[in-house]
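Each remark here refers to the structure printed beneath this line.
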Amino acid sequence: MTENSSEITPFERIGGEDAVRLLVDRFYDLMDLEPGYAALRATHGSMLADARQKLFWFLCGWLGGPAHYEQRFGHPRLRMRHMPFSIGILERDQWLACMNQAMQETGVEEGLRTRLANSFFQTADWMRNTHG
């Protein structure tokens, strides 16, 4: 996520672990509450606690902070780990919209939000495994 080791990481810019936790919790709360994210929510099964924790661990490292996810599970292998789930344009777009709403509602500053949204799009689009 960072281009230069001397620059402030997105993890630091966002506010560290507490801010990442807040973002992840708001993301999953919105997914659970907003009808506009129903297709996305349906891909997650009945319980969100495990997904919540794993996204928190992943985002900490992806943003340039502690590598919690890799310490527990090794390389993320995102595409492989998501292959069992049907991810098409609808799910991608709902994930992105939900994350963008969560970033706005948790106060991620606009410049960082734009940068992250671009990176999230590239990753989410790469995760698609259906044409729909």
Side-chain angles (χ1 to χ4, degrees):
M1 192 62 223
T2 62
E3 295 100 32
N4 183 333
S5 61
S6 66
E7 83 175 40
I8 295 173
T9 66
F11 180 79
E12 293 168 312
R13 285 182 64 194
I14 207 167
E17 286 191 8
D18 289 342
V20 175
R21 172 65 69 194
L22 185 65
L23 173 63
V24 168
D25 284 345
R26 188 61 188 150
F27 173 78
Y28 282 105
D29 290 348
L30 287 168
M31 185 192 305
D32 223 12
L33 296 170
E34 296 286 338
Y37 306 133
L40 175 64
R41 178 62 182 90
T43 67
H44 283 79
S46 62
M47 303 300 287
L48 294 175
D50 189 50
R52 228 179 249 264
Q53 188 61 47
K54 285 179 178 175
L55 182 60
F56 167 74
W57 286 332
F58 173 77
L59 284 182
C60 281
W62 186 75
L63 292 167
H68 298 308
Y69 187 93
E70 288 186 15
Q71 291 168 353
R72 287 165 175 82
F73 305 106
H75 190 282
R77 296 185 200 100
L78 291 179
R79 189 159 167 79
M80 181 198 77
R81 292 184 197 272
H82 286 79
M83 203 51 82
F85 310 102
S86 178
I87 302 172
I89 293 170
L90 177 64
E91 293 80 11
R92 176 202 66 193
D93 290 352
Q94 286 185 11
W95 195 98
L96 293 166
C98 188
M99 181 55 75
N100 189 55
Q101 184 176 347
M103 287 193 294
Q104 288 176 341
E105 291 183 10
T106 59
V108 176
E109 61 99 354
E110 187 176 349
L112 179 57
R113 193 171 67 240
T114 299
R115 180 177 171 193
L116 293 176
N118 289 333
S119 293
F120 283 140
F121 176 82
Q122 291 174 0
T123 302
D125 194 54
W126 177 69
M127 302 291 279
R128 288 179 36 222
N129 55 27
T130 67
H131 296 290

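Everything numeric in this text was worked out from a predicted model, so none of it was measured. Values below: all heavy atoms of this structure, side chains included; hydrogens, waters and symmetry mates excluded. Just so you know, residue 1 is the first one in the sequence shown, and it goes up from there.
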* To do: Look at the side-chain heavy atoms of Ile, Leu, Val, Met, Phe, Trp and Tyr, link any pair under 4.5 Å apart, and say whether M99 and M127 land in one connected group.
  => yes
* Check whether any side-chain heavy atom of L116 lies under 4.5 Å from a side-chain heavy atom of N100, and answer yes or no. => no
* Within the side chain of T43, is there an N or O that forms a donor-acceptor pair under 3.5 Å with the backbone of L40? -> yes
* Asked: Are any of the side-chain heavy atoms of E34 and C98 separated by less than 4.5 Å?
  -> no
* Asked: Is a side-chain N or O of R92 found less than 3.5 angstrom from the main chain of D125, in a donor-acceptor match?
  -> no
* Verify the distance criterion only: is there a donor paired with an acceptor across the side chains of E12 and T9 at less than 3.5 Å? => yes
* Can you tell me if CD on E110 sees more than 12 non-hydrogen neighbours from other groups inside 6.0 Å? -> no
* **Residues in ring-ring contact (aromatic ring centres under 6.0 Å, His included) contact with Y28, at least two apart in sequence or another chain** => H44
* Might you work through the side-chain contact (heavy atoms from CB on, under 4.5 Å) test for V24 and L59, ending with a clear yes or no? => CA-CA 9 Å; V24 168; L59 284 182; 3.8 Å; yes
* Determine whether F120 and L112 fall in the same hydrophobic cluster, where Ile, Leu, Val, Met, Phe, Trp and Tyr are linked whenever their side-chain heavy atoms lie under 4.5 Å apart. => yes
* Salt bridge present between R52 and D32 (N-O < 4.0 angstrom) -> no
Indicate every side-chain donor-acceptor pair of residues 14-23 with a distance under 3.5 Å to a residue at least two apart or in another chain.
from : atom 1 : to  : atom 2 : distance (Å)
E17  : OE2    : H68 : NE2    : 2.6
R21  : NH2    : Q53 : OE1    : 3.2

* Structure fact -> Rounded to the nearest 0.5 angstrom, the CD1-OG1 distance for I89 and T130 is 8.0 Å
* Asked: Do E91 side-chain atoms and G88 backbone N/O form a donor-acceptor pair below 3.5 Å?
  -> yes
* For the pair R26 (side chain) and Q104 (backbone), establish whether a donor and an acceptor sit closer than 3.5 Å, ignoring hydrogens and angles. => no
* For the student: nearest non-hydrogen atoms of L55 and F27, plus distance -> CD2-CD2, 3.9 Å
* Using a strict cut-off of less than 4.0 Å between a Lys/Arg side-chain nitrogen and an Asp/Glu carboxylate oxygen, indicate whether R113 and E105 qualify as a salt bridge. => no
* Does W95 share a hydrophobic cluster with F58, counting links as ILVMFWY side-chain heavy atoms below 4.5 Å and allowing steps through other members? -> yes
* To do: State yes or no: are the ring centers of W62 and Y69 separated by less than 6.0 Å?
  => no
* **Flag, side chain of E109 to backbone of G111, donor-acceptor distance under 3.5 Å** => yes
* salt bridge (charged side-chain N to carboxylate O under 4.0 Å, His left out) contacts in which one or both residues fall within residues 54-76, not counting sequence neighbours -> D50-K54
* Quick one: pull up CG in L30 and CD in Q94 and give me the separation to the nearest 0.5 Å. => 12.5 Å
